[in-house]
Amino acid sequence: MAVLRIVSRVAAAVLGGFVVTYWTGAAVAKLAIEWDLLSRANAGMFSGIVQLVVYVALIIWVSAMASMRKAWLVLAGLTALLVAVVVLTPGPPPAP
């Protein structure tokens, strides 16, 4: 039973963190371009930095969580929210 808890924690930290990080980068880049805050290249670079910070923070957060059920639920909720942001916001204008 202890092995399953360890496997669940590692999977949540590594795989769940990766999925949330991926969608975070897409949402940050899309919103930065859409709101005309950064150019396309700068938005991509900035989203990479944000992804690094989010991934490390999620690994630490999942490792510190007492309940893995809550950790998985939060990761699923964050993923759903970020996917909705990426899919439902209008895309950037075409490049000149």
Side-chain angles (χ1 to χ4, degrees):
M1 196 55 116
V3 174
L4 289 176
R5 284 188 288 221
I6 293 171
V7 169
S8 178
R9 190 171 300 274
V10 170
V14 175
L15 300 176
F18 176 77
V19 170
V20 171
T21 300
Y22 173 81
W23 287 106
T24 299
V28 166
K30 189 169 185 178
L31 292 177
I33 294 168
E34 179 63 29
W35 292 343
D36 203 25
L37 299 174
L38 298 169
S39 68
R40 288 176 185 260
N42 289 337
M45 293 295 289
F46 180 68
S47 73
I49 294 169
V50 170
Q51 284 177 317
L52 178 64
V53 171
V54 167
Y55 193 56
V56 170
L58 281 173
I59 289 174
I60 293 169
W61 175 77
V62 167
S63 299
M65 282 295 292
S67 169
M68 286 312 300
R69 181 180 307 241
K70 288 181 184 175
W72 279 110
L73 288 174
V74 169
L75 289 172
L78 281 173
T79 301
L81 177 68
L82 291 167
V83 168
V85 167
V86 171
V87 171
L88 297 178
T89 56

Consider only side-chain heavy atoms of I, L, V, M, F, W and Y, link residues closer than 4.5 Å, and tell whether [X] and [Y] are in one cluster.
{"X": "Val53", "Y": "Ile59", "result": "no"}
{"X": "Ile49", "Y": "Tyr22", "result": "no"}
{"X": "Trp72", "Y": "Leu81", "result": "no"}
{"X": "Met45", "Y": "Val56", "result": "no"}

inquiry  = Within the structure provided, determine whether Val14 and Tyr55 are in side-chain contact (heavy-atom separation under 4.5 Å).
reply    = yes
Minimum heavy-atom separation for [X] to [Y], with atom names?
{"X": "Ile33", "Y": "Ala43", "result": "CG1-CB, 3.6 Å"}
{"X": "Val20", "Y": "Leu75", "result": "CG2-O, 3.7 Å"}
{"X": "Val85", "Y": "Ala27", "result": "CG1-CB, 4.0 Å"}
{"X": "Arg9", "Y": "Val62", "result": "NH1-O, 2.8 Å"}
{"X": "Ala71", "Y": "Trp61", "result": "CA-CH2, 3.7 Å"}

query = Which is it for Lys30 and Thr89 under the side-chain contact (heavy atoms from CB on, under 4.5 Å) test, yes or no, and what are the steps along the way?
reply = CA-CA 8 Å; Lys30 189 169 185 178; Thr89 56; 3.4 Å; yes
key: side-chain contact (heavy atoms from CB on, under 4.5 Å), paired with Leu58, selected from Thr21, Val19, Val74   = Thr21
request  = Would you sort out whether Met65 and Lys70 count as a side-chain contact (heavy atoms from CB on, under 4.5 Å), showing the intermediate values?
outcome  = CA-CA 8 Å; Met65 282 295 292; Lys70 288 181 184 175; 3.8 Å; yes
message = What's the separation between atom CG in Leu37 and atom CG in Asn42, rounded to the nearest 0.5 Å?
response = 11.5 Å
